[in-house]
Amino acid sequence: FFLRVCRRSWMPVRFSLLVSSLPLLTCFLYLTALPFVRSFTISSQNNNPMSSLSAATRCPGNPSWHQTMLRVRDPVASLSFYVDKLGMTLLDKLEFPQYSFDLYFLTTLPKSEGSLPSPGTAEAHRNLWNFPRATLGLTHNYGSNTYHPGNGDRDGFGHVAFHVDDVYKATDDLIAAGVEFKKKPDEGKMKGLAFAYDPDGYWVELVKRAEGHGLDTDANLSQTMLRVKDAKKSIPFYESLGFSVLTEKHFPQWKFSLYFLGCLQPDETPPGPDATDEERSRFINGRQQPVLELTHNHGTEDDASFQHKTGNEEGFKGFGHLGVLVDDVGAACDFLESSFGHGMKKGPQDGNMKGLAFALDPDGYWVEIIKRGGYDSDCTPYYFEDK
């Protein structure tokens, strides 16, 4: 598979071939220490090892990554998969019967943090809208729905991933529990990594953790992968939202690059400017918090007609959005519009739910802008117009 993909023509008109194949290629190269992989020369600033942004070019309000949202057909099946099989914890459930949808927020909870408030309670809501790590949000729209899992022609969303101590054992355990696989760890030329299907057909990568990681769970949510048209536009956008480029890998002979971004926690110390690629990878593969992997196929930035599907187009809905918490939604939206000019899908005062917004990134992906701590005693991050 690897050699077949590498022999393909990489002209922009053929990029749809790469788009559908890249997740497996990505993981092979990421997990192997090939000599031609290089890391970006970096300078440390504000605990952000690869940022060149000044404080004036950062979004106000202390932004932090809060969620990756996927639409799901059957929440019972999805919760069984992510909670029972991958060890996640249901952080909170929000019900909106008046709008015919419910939301479920999941996290990988370290055992050392103890128990959480019961989902659906005011205490759980307060915890959710102040939560310091990225969650997996599942949206259930009432009725019969089938969702598009990505990885088709020009799809932008690739997969979510989990780190595990032993990919082979985790695969065997999931197979015994009835989970189907896109790729098992011994299949193909890329050994040691696997892709499972979740109940909606989303790809879920299993990646081996770094040795000596110190985590106390069997698995942890570790990655969301999106394809981007122009990394030079996407990276500053996400850096402004609190992400740091933790490492990047370039493959000029195959005409693509990978960028791994993370929101650093206060207790995290990333590798310094002189760190090796191995040290950077070990840091990423041993952390509790997931990374955002941006995959850039070279040449797409020069094709004016090229556009990734974002997961929100009719007939291709599946992945919904990323979300960030900020202290002031209005100030954050004003900053994003004035600094980047990609527009808003929903402004803070648009629609029925006031006080939250959806910004558009350079590829048109939706990024929800959410008020940290909400607007009332229950930390509700929206409010309704007075009737």
Side-chain angles (χ1 to χ4, degrees), residues 58-72 92-105 125-126 128-131 134-135 137-143 145 147-148 156-157 226 233-234 236-238 240-243 307-387:
R58 290 186 177 279
C59 183
N62 190 29
S64 62
W65 187 13
H66 182 260
Q67 61 183 263
T68 291
M69 192 280 274
L70 302 176
R71 299 176 178 93
V72 299
D92 199 9
K93 177 184 179 182
L94 304 176
E95 298 178 325
F96 299 92
Q98 68 274 38
Y99 301 123
S100 299
F101 73 91
D102 297 331
L103 303 177
Y104 301 81
F105 291 91
H125 301 339
R126 286 191 285 269
L128 171 64
W129 300 121
N130 287 284
F131 202 67
T135 65
L138 305 178
T139 296
H140 173 231
N141 295 300
Y142 301 173
N145 299 288
Y147 294 114
H148 183 66
F157 175 71
L226 298 177
K233 293 181 179 179
S234 297
F237 180 86
Y238 284 103
S240 79
L241 289 173
F243 287 83
Q307 177 66 52
H308 286 113
K309 298 186 184 77
T310 66
N312 289 300
E313 298 85 355
E314 197 62 42
F316 296 94
K317 291 182 178 180
F319 167 76
H321 60 262
L322 302 177
V324 297
L325 294 179
V326 297
D327 295 331
D328 186 325
V329 172
C333 291
D334 289 344
F335 168 85
L336 292 173
E337 290 218 74
S338 63
S339 298
F340 299 100
H342 302 305
M344 306 294 295
K345 179 65 180 179
K346 175 196 177 302
Q349 295 304 310
D350 296 338
N352 292 316
M353 289 183 171
K354 311 297 183 183
L356 59 82
F358 284 87
L360 299 176
D361 89 342
D363 285 271
Y365 294 117
W366 298 7
V367 180
E368 188 174 13
I369 310 299
I370 310 159
K371 180 171 172 54
R372 180 182 290 106
Y375 295 98
D376 59 20
S377 60
D378 290 335
C379 295
T380 309
Y382 57 86
Y383 53 91
F384 297 99
E385 275 189 313
D386 294 336
K387 300 296 184 181

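Note that these values count all heavy atoms, side chains included, but never hydrogens, waters or copies made by symmetry.
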Could you tell me which non-hydrogen atom of [X] sits nearest to which non-hydrogen atom of [Y], and how far apart they are?
X	Y	result
Pro362	Lys233	CG-O, 3.6 Å
Asp361	Asp363	OD1-N, 2.8 Å
Pro348	Val329	CG-CG1, 4.0 Å
Tyr147	Gly318	CB-CA, 4.1 Å
Asn312	Lys317	O-CE, 3.6 Å
Gly320	Trp366	O-CB, 3.9 Å

Check whether [X] reaches the backbone of [Y] with its side chain - one donor and one acceptor, N or O, closer than 3.5 Å.
X	Y	answer
Arg71	Asn145	no
Glu337	Phe335	no
Asp376	Asp378	yes
Arg126	Ser377	yes

Interatomic spacing from CZ in Phe243 to OG in Ser234 - rounded to 0.5 Å: 12.0 Å
Side chains of [X] and [Y]: closer than 4.5 Å at any heavy-atom pair?
X	Y	value
Tyr142	Pro97	yes
Thr68	Phe319	yes
Leu322	Leu226	yes
Tyr104	Val72	no
Tyr238	Trp65	no
Asp328	Pro60	no
Ile369	Phe358	no
Leu241	Leu336	yes

Residues forming a side-chain contact (heavy atoms from CB on, under 4.5 Å) with Tyr383, sequence neighbours excluded: Gln349, Lys354, Tyr375
Partner of Leu94 by side chain to side chain contact (heavy atoms under 4.5 Å, CB included), out of Leu103, Thr139, Asp102: Leu103
Under 3.5 Å side-chain donor-acceptor pair for Asp92 and His125: yes
Evaluation steps, side-chain contact (heavy atoms from CB on, under 4.5 Å), between Tyr365 and His308: CA-CA 9 Å; Tyr365 294 117; His308 286 113; 4.1 Å; yes
Check against side-chain contact (heavy atoms from CB on, under 4.5 Å), Phe237 and His342: CA-CA 10 Å; Phe237 180 86; His342 302 305; 4.1 Å; yes
Criterion side-chain contact (heavy atoms from CB on, under 4.5 Å) on His321 and Gln67, from CA distance to verdict: CA-CA 8 Å; His321 60 262; Gln67 61 183 263; 2.9 Å; yes
Enclosure of Lys346 NZ (heavy-atom neighbours >12, cutoff 6.0 Å): yes
Ring geometry between Trp129 and His66 (parallel below 30°, tilted from 30 to 60°, perpendicular above 60°): parallel
Parallel, tilted or perpendicular, as decided by the 30° and 60° cut-offs, for the rings of Phe101 and Tyr99: parallel
